Asker: 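One structure follows; several queries about it will come next.
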Amino acid sequence: MDNRGIYLLLGSNLGNRLAHLANALQQLAAEAGCINQLSAIYETAPWGKTDQPPFLNQVIRISSSLTPENLLDTILAIEQTLGRRRQKKWAARTIDIDILFYHDQIIEHPNLTIPHPELPNRRFALEPLAEIAPHFVHPALQKTIEELLNECPDNLAVKKCYDLSMYKNL
């Protein structure tokens, strides 16, 4: 089983959500590394703080020479450039970019935890991830993404709304 790949989750629920995702992809390709694969775009119910607009979410696989810490710094700068303002936890946002996996590494630092600790509980991340990496094995839980999705306790709505199959292998 190949557990190589850096997987990122992109999300937006403010303004022109589709444009925010496209701008994030453009910035990530320019500053973080090569985008190798991307899922369809899913419209998802908000998780955590539910009194806000629905999200558009997408998972991408990139290759990068950046360390996990440098990748996080780059992502935070991209989010800020694209209008992200961190005011309240789980608040509505123009763009959110999370590191789900950095190959098969397990990292626990004060500002960075990989794999993303809430991934097994978030259908909005697992559905698009399972689309492009169903057999990727979670390095801490030793379960595939497909298994995690089947066991996910989250039953919030996740609906594929833009199929980007023609762009999956860039």
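Residue numbers run from 1 in the order of the sequence given. Here the structure is a predicted model, which means the values were calculated and not measured.
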Asker: Sort out for me which residue in L71, I75, I60 forms a side-chain contact (heavy atoms from CB on, under 4.5 Å) with I97.
Answerer: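 Checked L71, I75, I60 against I97; only one passes side-chain contact (heavy atoms from CB on, under 4.5 Å): I75.
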
Asker: Is there a donor-acceptor contact under 3.5 Å from the side chain of N13 to the main chain of P46?
Answerer: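 Flag not set: sc N13 to bb P46 has no pair under 3.5 Å.
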
Asker: So, does S12 use its side chain to make a donor-acceptor pair with the main chain of L56 at under 3.5 Å?
Answerer: no

Asker: Identify, with sequence neighbours excluded, every residue that meets side chain to side chain donor-acceptor pair (under 3.5 Å) alongside E146.
Answerer: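 Applying side chain to side chain donor-acceptor pair (under 3.5 Å) to E146 gives none.
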
Asker: Determine whether H116 and F101 satisfy the following criterion, ring-ring contact (aromatic ring centres under 6.0 Å, His included), listing intermediate values before the conclusion.
Answerer: CA-CA 7 Å; H116 193 288; F101 295 107; 9.7 Å; no

Asker: Go through it in stages, so that I can follow the logic: the residues are F124 and L9, the test is side-chain contact (heavy atoms from CB on, under 4.5 Å), and I'd like the CA-CA distance, side-chain angles, deciding distance and then a yes or no.
Answerer: CA-CA 9 Å; F124 68 86; L9 172 68; 3.6 Å; yes

Asker: Is atom CD of Q26 surrounded by more than 12 heavy atoms (other residues, nucleotides or ligands) closer than 6.0 Å?
Answerer: no

Asker: For N121, check side chain to side chain donor-acceptor pair (under 3.5 Å) against everything at least two apart and list the hits.
Answerer: E118

Asker: Can you check whether N57 reaches I41 side chain to side chain, under 4.5 Å on heavy atoms?
Answerer: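 They are not in side-chain contact.
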
Asker: Given 3.5 Å as the limit, does a donor-acceptor pair link the side chain of D154 with the main chain of L156, or not?
Answerer: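 Side chain of D154 to backbone of L156: a pair is present.
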
Asker: Looking at CD of E79 and OG1 of T74, how far apart are the two atoms once the value is rounded to the nearest 0.5 Å?
Answerer: 11.5 Å

Asker: Which atom pair, heavy atoms only, marks the closest approach of C152 to R123?
Answerer: O-NH2, 3.2 Å

Asker: Do L10 and L14 belong together in a cluster built from hydrophobic side chains that touch within less than 4.5 Å?
Answerer: no

Asker: Which residues satisfy the salt bridge (charged side-chain N to carboxylate O under 4.0 Å, His left out) test with E151, sequence neighbours excluded?
Answerer: K143

Asker: Who are the side chain to side chain contact (heavy atoms under 4.5 Å, CB included) partners of D73, not counting sequence neighbours?
Answerer: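 D73: side chain to side chain contact (heavy atoms under 4.5 Å, CB included) contacts with N70.
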
Asker: Any donor-acceptor pair under 3.5 Å linking the side chain of Q27 with the backbone of A24?
Answerer: no

Asker: Checking E69 against N111 for the side-chain contact (heavy atoms from CB on, under 4.5 Å) test, could you report, in this order, the C-alpha distance in whole Å, the side-chain angles of both residues, the deciding distance, and whether it holds?
Answerer: CA-CA 9 Å; E69 294 81 7; N111 296 323; over 6 Å; no

Asker: Who are the salt bridge (charged side-chain N to carboxylate O under 4.0 Å, His left out) partners of E43, not counting sequence neighbours?
Answerer: R17

Asker: Kindly give the heavy-atom pair with the smallest separation between I35 and L25, and that separation in Å.
Answerer: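 In terms of heavy atoms, the two residues are closest at CD1-O, 3.4 Å.
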
Asker: Using side-chain contact (heavy atoms from CB on, under 4.5 Å), reason through L129 and Y7 one step at a time and then give a plain yes or no.
Answerer: CA-CA 8 Å; L129 183 59; Y7 291 90; 3.6 Å; yes

Asker: I'd like to check the side chain to side chain donor-acceptor pair (under 3.5 Å) partners of N16; sequence neighbours left out, ordered by chain and number.
Answerer: none

Asker: If you take all heavy atoms of L119 and H138, which pair is closest and at what distance?
Answerer: CD2-CD2, 4.5 Å

Asker: Could you walk me through whether L8 and V59 pass side-chain contact (heavy atoms from CB on, under 4.5 Å), step by step?
Answerer: CA-CA 6 Å; L8 307 178; V59 170; over 6 Å; no

Asker: Supply the atom-to-atom distance T94 OG1 to Q80 CD, rounded to the nearest 0.5 angstrom.
Answerer: 10.5 Å

Asker: Please identify each residue that fulfils side chain to side chain contact (heavy atoms under 4.5 Å, CB included) with E108, with sequence neighbours left out.
Answerer: I106, T113

Asker: With the side chain counted from C-beta on, respond yes when P139 and P115 share a heavy-atom pair under 4.5 Å apart, and no when they do not.
Answerer: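 Touching, per the 4.5 Å side-chain cut-off.
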
Asker: Provide the full list of salt bridge (Lys or Arg N to Asp or Glu O under 4.0 Å) pairs with a residue in residues 19-40, sequence neighbours left out, each pair given once.
Answerer: none

Asker: Side chains of L38 and I132, heavy atoms from C-beta outward: is any pair under 4.5 Å?
Answerer: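 No; the side chains remain at least 4.5 Å from each other.
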
Asker: Looking at L149 and A130, what are the two nearest heavy atoms and their distance?
Answerer: CD2-CB, 3.8 Å

Asker: Residues in side chain to side chain contact (heavy atoms under 4.5 Å, CB included) with H103, at least two apart?
Answerer: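 Per chain and number, H103 pairs via side chain to side chain contact (heavy atoms under 4.5 Å, CB included) with R4, I6.
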
Asker: What's the separation between atom NZ in K159 and atom CD in E127, rounded to the nearest 0.5 Å?
Answerer: 13.5 Å

Asker: Quick one: CD1 on I114 to CG on D98, what's the gap to the nearest 0.5 Å?
Answerer: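 So the gap between those two atoms works out to 10.5 Å.
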
Asker: Please report the interatomic distance CZ(F55) to CG(L21), rounded to the nearest 0.5 Å.
Answerer: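 F55 atom CZ to L21 atom CG measures 10.5 Å (nearest 0.5 Å).
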
Asker: Please list, chain by chain and in numerical order, all residues satisfying side chain to side chain donor-acceptor pair (under 3.5 Å) with Y42, sequence neighbours excluded.
Answerer: E131

Asker: List the atom of T144, the atom of E147, and the distance in Å for their closest heavy-atom pair.
Answerer: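 Heavy atoms only, the tightest pair is N-OE1, 2.7 Å.
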
Asker: Please name all residues satisfying side chain to side chain contact (heavy atoms under 4.5 Å, CB included) with P120, sequence neighbours left out, ordered by chain then number.
Answerer: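 P120 satisfies side chain to side chain contact (heavy atoms under 4.5 Å, CB included) with L141, L148 once adjacent residues are dropped.
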
Asker: Using 0.5 Å steps for rounding, measure from the OG atom of S64 to the CG atom of L28.
Answerer: 9.5 Å

